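Reading through the structure tokens given below for one structure.
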Amino acid sequence: MSSANKETDGKPGPDASEGAGRSLDFVRKIVAEDNASGKWDGRVVTRFPPEPNGYLHIGHAKSICLNFGIAAENNSVCHLRFDDTNPEKEETEYVESIQADVHWLGWDWGKNLFYASDYFEQMYEYAVQLIKAGKAFVCDLTADQVRHSRGTLTTPGKDSPFRNRSIEENLDLFQRMRAGEFDEGTKTLRAKIDMASPNLNLRDPVMYRILKAHHHRTGDKWCIYPMYDYAHCISDSIEHITHSICTLEFEDHRPLYDWFLNELDVYHPQQIEFARLNLTYTVMSKRKFLELVRGGHVSGWDDPRMPTISGFRRRGYTPESIRDLCSRVGVAKNDSVVDFAMLEHCLREDLNKRAPRMMAVLRPIKVVLTNYPEGQTEEMDAVNNPEDPSAGTRKVPFSRVLYIEQDDFREVPPPKFYRLSPGREVRLRYGYFITCQEVVKDSAGNVVEVHCTYDPATRGGDSPDGRKVKATIHWVSAEHAINAEVRLYDHLFRKEDPDDVAEGQTYLDNLNPNSLEVLTDCRLEPSLADAKPGAPVQFERLGYFCADPVDSRPGKPVFNRTATLKDTWAKIAKTGGR
RNA sequence: UGGCGAGUGGCGCAAUUGGCAGCGCAUCUGACUCUGGAUCAGAGGGUUCUAGGUUCAAAUCCUAGCUCGCCAGCCA
């Protein structure tokens, strides 16, 4: 197959080689074989066909990367097509968010933006054609009656009493359905296939239903709307898609996809099904998202704990990390659940290279350097990113009174704890070596202040005598620090599989009560005052964060924790310091 | 007890189509370190769903079975 890394139409797009590893996944194999055999005359046209009835989630990202990725690898195009055949659920707000999310992920459909509703007229004509061919009929059965006559998984269905209406009558009725003469639910247009088929999708499926609803694009022009199976294959056909890639649950629908296109005798793409992406500790359905949002369990579709694209974006995840995940998980046909840790790995790998380092103290405790001159301030040089020398250095103010992390001091240090404790010397990053001399407690016995001495010879953090310390801790000058709120996020659910519940419970019972911890008294180094919302930074030794794009205010930033750094100490502490 | 699909280390995927079962994540160990980060080195972990069969040779081919997923919307 062609492996050129050209971007499509010169549009910004991820490296086209992304996802095309040494061994091709089964979808790419099919594409490669088709290219070799000339099945589509060398064309490769894919499409991403979301229904605009909700926000995109990371599962969609897999489909997006697959479809746009394959197109890019073949110097071709991927269409963005809104599958807007159900006006009752679809809204313009969603079509806008979907476009924004696809772009944010780094893909571009160029001029290939389509809507299934663009094809309503053509679909209607095709339906008339099928009626004339005796392949479709108007049915007066109610939804309930259809359900009963459909049969079950093991028993065949019964023919509708309206199945043998004359072509003339069907034509007349269908035209009057369109004209709005009938009420919702009173009539449908159904394909005449086989009520005894073992595949229920072939038991005279509904092609059109009456819906007197306002459509976000066609307004009130239509009161009959095509069903997915009928609309989707025709849309693909009209757009001359070559490979119509969808998820596994549509496997049973492929015979119907093929049936319509065969009966219509029109251009016929190949439908290929792959397994959708699932992640541990997350649910992945729009219905559940809606419940989480409406139930107030999260702040919205873009809550940083949501697995939506907009949630991940607000949380601080990068498009690169999400694309990396999609290429690592591969494409196959068996249902699987990817470890959330894989996503975090992709994130850390990306951010480790790019995120500037800063110092922030989340749970402050005061440190007074008793031998440091009162009123003196120094500017310490700090490197912005040890992984990237070009990121340069910055000045960080240092003074007599500092804040350090409460976790970095223990009056009685447990085994393997080698940070600050009475009598022990540690390094203040880019600062000095300090030694704890005494602790100050309040009346309740809590340590409220730590008194230390500093060694002026160790300025910048180096010891001229070669003296070693076991730990380097971060700090912030009390006088210069800025205050901020920091939100620490954890998994929204406490179980790997949120749907793993006892009798009578639902996934909502698995909500993690500690998925959000808000810290309001955090002290950050001053350069963080004008952090750009959404831009990733690393708080040294703590994790990756970004200023929240929604709740941050000038001079009053709110930071989201995107992910922690890998923390060996946390592991030691958890296993009891063993 | 209908149809379709899928079973390979804990998880996600490979295996040039019959030729020594590999990779990533996770886990563990060691080295190094002004982030207990990063990096580097190494380790453990497999009855390839099961049972038969074909073959010099089977994850791969054949037979039978088992398990799991999806399908009975006028949703997509």
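Residue numbers start from 1 in every chain, and the chains themselves are labelled A, B, ... in the order their sequence lines are given, proteins ahead of strands. Because the structure is a prediction, the values reported are computed rather than measured.
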The single option from A:Tyr225, A:Tyr257, A:Tyr208 that satisfies ring-ring contact (aromatic ring centres under 6.0 Å, His included) with A:Tyr230 is A:Tyr208

Exercise for the section: Could you give the distance separating B:A58 and B:C49 at their C1' atoms, to the nearest angstrom? Expected result: 16 Å

If you measure from the P atom in B:U50 to the same atom in B:C66, how many Å do you get, rounded?
-> 15 Å

Result for 5'-nearest mapping on RNA chain B, choosing between A:Glu88 and A:Glu249, is A:Glu249

**Asked** For A:Leu565, which contact category applies under a 4.0 Å heavy-atom criterion: base, sugar-phosphate, or nothing?
**Response** base

(Q) Categorize A:Arg427 for me: base, sugar-phosphate, or nothing, with a 4.0 angstrom heavy-atom threshold over every strand shown. (A) base

Checklist entry - Is any side-chain N or O of A:Lys333 closer than 4.0 Å to OP1 or OP2 of B:C4? => result no

Checklist entry - Parallel, tilted or perpendicular: which describes the rings of A:Tyr124 and A:Trp222, with under 30° parallel and over 60° perpendicular? => result tilted

Picking from B:G36, B:A76, B:A72, the nucleotide nearest the side-chain atoms of A:Thr152 would be B:A72

query = Taking the C1' atom of each, how far is B:C71 from B:C20, in whole Å?
reply = 43 Å

Regarding the side chain of A:Ala143, the nearest nucleotide among B:C74, B:G7, B:C4 is B:C74

Atom CZ of A:Arg254 and atom P of B:G3 are separated, to the nearest Å, by 17 Å

Which of A:Thr458, A:Asp462, A:Asp455 passes side-chain hydrogen bond (donor to acceptor under 3.5 Å, both in side chains) with A:Arg467? It is A:Asp455

| said: Any base atoms under 4.0 Å from A:Arg357, or only sugar-phosphate, or nothing? Heavy atoms, all strands. | reply: base

Before accepting this row, confirm whether a basic side-chain N of the pair A:Asp204/A:Arg163 lies closer than 4.0 Å to the acidic partner's carboxylate O. yes

Atom CZ of A:Phe182 and atom C1' of B:C74 are separated, to the nearest Å, by 16 Å

(Q) Say we look at B:G37 and B:G18: how far apart would their C1' atoms be, to the nearest angstrom? (A) 48 Å

Using a 4.0 Å heavy-atom cut-off across all strands, classify A:Ser336 as base, sugar-phosphate, or nothing.
sugar-phosphate

_For the residue pair A:Asp350 / A:Thr318, report whether a side-chain donor-acceptor contact shorter than 3.5 Å exists._
yes

Query raised in the report: How would you label the contact of A:Val337 with the nucleic acid (heavy atoms, under 4.0 Å): base, sugar-phosphate, or nothing?
Result: sugar-phosphate

Among B:G12, B:G2, B:A15, the one nearest any side-chain atom of A:Ser23 is B:A15

